[in-house]
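So the structure is just underneath, and the comments pick up after that.
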Amino acid sequence: SLSLASPPAKTLETSRLASPPPPCPSRRAGIPSATHLTGRPPGAEAMVAELRRDDMAEEAGTIRDSVAFRLVERVLQSVRMEPFLIAPYDLEQYRMMVGTLDTSRTKNRDDEALYVTYLKALSEAVSKIDITYHHSLLNNIFAVRIWYLQRDTMVALLDLITRLAAVADQYLRECLQMLVNNFTPPIVERNEVPTWAVSRKKDIFSHLCGSLKTISDTVPLAPRMLRDIIDRSMPKLFDNKAKMISFVECMLGLDTDRMGDLIGAILLAKVVDLLTELDVNITWEDILQEEHDKGIFEMELEDLDADDDGDGFGQAGTKVCLGGNACAEKLDGLMVVVCEHLKSLDRQRLYKEFVILKTIFRASLLRVHRSKFAQFIMFYTCSLDPKTLGEGFAVFLTDIVTEKKEDPISRMSAVSYVGSYLSRARFISADTVVTILKKLVDWCVDYCDHQSKREATPIPNHQLFYATCQAVMYVLCFRLRSIMDYPNLKSDLFHMPFGFLFRHRLEPLKVCLPSIVNEFLRQAKDAGLVAAFVDPAAEDAIESDLSRTFGGINRLDMFFPFDPYLLKESDRYIRPNFEFWSMVKTTYSDDTDDDDDELEDLDAPEMNVGSLDDHVEIDINSDDDDLEYSMNKMSITPHHSFLHQMAMDSDGGLSMPARIRPSTSPPSRWAMSGESP
Amino acid sequence: TPEITDAQALLGHRRPEPKLRPPPPLAMEALREATAELTVYVHPSNAADVRLAVSRQLSTLLFSYEDRFDGVLLSHEVEFEGDNEDGQDRKVDGDGKRVIKAKILDGLVPYFGVPVTANMLLFSPQPEMILEGKVEMLGKESIHAIVLGVFSAAIMADDIPEMFKFKRRGHGGKFISQSDKRHVIKKGSMIRFSVKRVDTEMNCHITGSLMPPHTGCMRWLSVHDAEYASEISRVVKGNQGIILRASRRYKVAQLRTAKIAW
């Protein structure tokens with residue numbers, strides 16, 4: 001302890017024994033019960049008496065605190081000059097104090113108590129801290145990893161940080177940076193978070209967010225700085241999964257109340273950027289590929305861990321990270337975090353988030369070429385409030401499609417989204433579907449009329465028109481039967497000029513994907529929607545030349561964004577609201593073993609309608625030994641329906657791990673060009 | 001944005017003689033209106049809506065301390081001029097009212113400059129000024145308040161009169177004056193304090209002091225401090241217009257904060 005000859009030393013000694021402040025039970029118990037008994041609100045006399053009682057009760061505690069404070073103040077003051085001017089004794093005192101604040105050494109209980117006392121004293125003495133002269137002290141404070149601290153110590157430290165941030169601008173950035181650095185827990189062996197950290201996670205996050213909010217309340221311009229700091233500290237693509245998830249989870253915890261109003265949009269935008277980046281780095285081969293490779297990479301990663309803290313990646317490590325599986329796992333974990341966050345919002349906040357998400361979606365996700373899973377956050381958000389948000393999203397997409405001023409890529413992408421969304425979202429009601437279809441069909445008809453007025457040579461590229469027709473047909477494949485159940489909707493639908501559209505010289509039926517066209521015609525004929533004379537010869541047609549000229553492998557109208565979701569852990573958020581093809585009732589028959597089902601392979605057909613629980617494993621990491629797998633599965637391939645039956649789970653029975661094919665172009669194209677998706 | 005983000009480099013202005021006004025009321029000495037003639041450089045892609053581009057460019061300066069303005073910009077309002085002194089024609093509005101063409105000097109300055117007259121609301125706290133703020137956090141050694149909802153102010157224990165004693169009991173603690181127990185400073189109280197120091201480098205942090213006379217909790221002062229009470233009544237009667245205008249500008253500033261933060 002500090003060897004002071006003055007009386008305060010004794011008190012400090014007492015405090016070192018970590019005894020609680022001597023209570024004044026008699027006085028404390030006296031007055032409150034009196035007021036309770038009388039039931040009258042305290043008059044002026046009682047108030048004065050209470051205040052005096054307060055003084056006494058606190059005195060014992062405050063003596064200790066004030067002594068510590070004066071001590072600390074004195075020490076700080078004594079080194080507040082050029083180093084060569086400081087008396088050696090003072091320097092020694094200062095060094096000892098700094099040493100106590102060094103958290104890299106383990107502490108016993110006494111040290112811990114002393115540490116807490118110092119922290120509290122420093123909280124009061126913040127104005128005496130100088131950024132130049134007390135540099136080593138500040139270093140020790142800002143280097144603390146609060147995950148290793150006990151709870152009381154953590155509270156004291158966070159209080160100190162908050163006060164430092166409030167007292168002067170010069171500490172603000174460091175304080176915010178220190179708090180943001182603590183978003184991620186310490187990582188130990190095998191890149192895992194230790195179990196004790198996992199259990200404390202929620203508590204620590206809530207304290208961190210609480211501190212940040214207090215700082216932002218006291219220094220209203222702090223969120224601007226915080227935004228930049230988070231931007232810089234944001235996990236990158238190749239970072240460790242546990243760290244990434246932890247960081248994003250804590251970050252989204254800031255998205256409430258005032259802080260959320262100020263920087264919530266930016267935080268969400270960053271998260272979506274990260275999701276998109278991960279998404280884009282997953283290639284289809286990685287999802288579908290054999291897992292025997294993983295063992296090799298794992299070994300290499302373990303070797304690396306031995307050398308450094310597991311964060312550095314040498315050349316071998318880079319190979320691991322470039323493997324898309326890592327990205328898929330990270331994306332999976334992040335989707336869980338984001339969905340949980342969205343689920344936790346109240347109604348009002350959810351609406352605000354929805355508006356923000358729409359903007360972000362339009363700016364980034366909409367234009368990502370063939371994004372695989374990131375767009376499902378929109379799906380999930382809409383499912384949280386089908387009436388308002390679900391419809392709102394559909395209308396939003398439709399407006400992009402029909403808006404002339406939008407750029408072509410966005411419009412094409414939006415029409416793919418509309419088609420896929422209306423088909424797959426179970427929570428969208430039939431009348432919304434019909435309303436949107438009406439808008440799309442009206443647009444198509446306008447387009448046709450416009451074309452008819454033109455002169456002889458048509459514009460070569462009617463991509464958007466065909467894509468819209470295809471989307472309409474695709475939606476009707478899924479929804480026709482359910483629409484037929486409502487007489488008013490049925491009549492609305494039957495009033496739509498399908499005949500005109502399909503007999504138009506632009507010949508959408510010949511250009512759109514044959515599988516969709518065939519299925520649609522089949523259902524529509526059964527329902528009586530289209531006249532029988534619409535050419536049935538299209539039934540077995542291979543894709544026409546017209547169809548093939550429209551883009552190569554990457555033709556945009558073969559992108560079905562909301563095709564079945566493949567990520568394992570986050571699937572449970574999506575599945576309850578997702579419509580699988582196997583579950584759809586069609587107009588022609590209710591037989592489940594219909595051989596002619598064109599769209600049989602739309603999803604994994606083994607998926608039993610009954611077992612909609614989570615034990616239907618869509619396993620990215622399944623270790624079946626099917627090597628003959630072809631990557632070229634289109635999700636609605638008409639004639640290449642070879643789903644290899646996977647090795648059954650040991651449970652056997654209904655739930656089989658299924659390979660799900662991506663929605664890519666048919667195999668013929670790939671074979672021709674040899675490109676990867 | 002395509003506009004130049006480093007407004008410092010190209011936002012030139014001449015400061016004309018400040019418009020003469022009566023000194024603002026005690027309420028908020030640090031707020032003042034100023035008019036400045038500026039040249040805002042706009043990227044050609046924004047030529048369709050120059051007004052918006054200029055407004056956006058000026059908005060990047062909001063809530064930061066500008067040396068040339070000697071204060072923090074809180075809100076701005078622009079008016080466009082006609083021809084300027086150089087004799088070069090400039091483009092103004094795209095809405096057909098009065099189209100003036102601008103020449104873009106390719107290879108030299110790819111932007112075109114728009115002369116504007118900006119009415120600005122500035123906040124320039126100086127030492128010895130009296131400011132008002134709302135208390136946000138209290139400690140035994142410090143009081144933290146927020147001025148105008150945006151600027152943080154801290155009053156350290158050395159600058160709090162001895163007569164104030166800190167009571168930790170109760171929500172967040174409070175300072176009670178020994179001389180008059182009704183003079184209470186707690187979280188949410190409005191206080192008047194004098195400025196000791198302003199740190200203009202980052203967020204315009206203010207260090208204040210409660211030592212000078214006529215400082216403390218405003219509610220108590222309005223009742224017990226005769227001089228202050230008479231002052232505010234005079235101010236309310238005489239200068240209502242200025243206060244109203246300043247408060248409207250402040251509301252605009254608040255709206256702009258929200259927009260920018262978005």
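Throughout, protein chains are lettered first and strands after them, A, B, ... in sequence-line order, and every chain is numbered starting at 1.
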Value for NE2 (B:His205) from CG (A:Leu221), rounded to nearest 0.5 Å, stands at 11.5 Å
Taking the side chain as C-beta and beyond, is there a heavy-atom pair between B:Met137 and A:Asp217 under 4.5 Å? no
Correct closest heavy-atom pair for A:Arg163 and B:Ser142 would be NH1-OG, 3.8 Å
Nearest heavy atoms of A:Arg224 and B:Leu62, plus distance in Å: NH1-O, 3.5 Å
Is any side-chain heavy atom of A:Met225 closer than 4.5 Å to one of B:Asn203? yes
So, for B:Ala154 and A:Ala166, which heavy atoms are closest and what is the spacing to 0.1 Å? CB-O, 4.1 Å
For each of A:Thr218, A:Thr214, A:Val219, A:Thr162, tally heavy-atom pairs with chain B at distances under 4.5 Å, and name the one with the top tally. A:Thr218
Using a 6.0 Å cut-off, check whether atom NZ of A:Lys358 has over 12 heavy atoms from anything other than its own residue. yes
Return yes when atom NZ of A:Lys120 has more than 12 non-hydrogen atoms of other residues, nucleotides or ligands closer than 6.0 Å, and no otherwise. no
Any chance CZ of A:Arg258 has more than 12 other-residue heavy atoms, nucleotides or ligands included, within less than 6.0 Å? yes
For the atom pair NZ (B:Lys140) and OG (A:Ser123), what is the distance rounded to the nearest 0.5 Å? 11.5 Å
Does B:Glu128 CD have over 12 foreign heavy atoms under 6.0 Å away? no
Whatever's closer than 4.5 Å to a heavy atom in chain A on B:Met202 counts as both
Take a 6.0 Å sphere around NE2 of A:His135 and say whether it holds more than 12 heavy atoms from other residues, nucleotides or ligands. no
Is it true that atom CG of A:Asp231 has more than 12 heavy atoms of other residues, nucleotides or ligands lying nearer than 6.0 Å? yes
Does some side-chain heavy atom of A:Lys128 sit less than 4.5 Å from a side-chain heavy atom of B:Asp158? yes
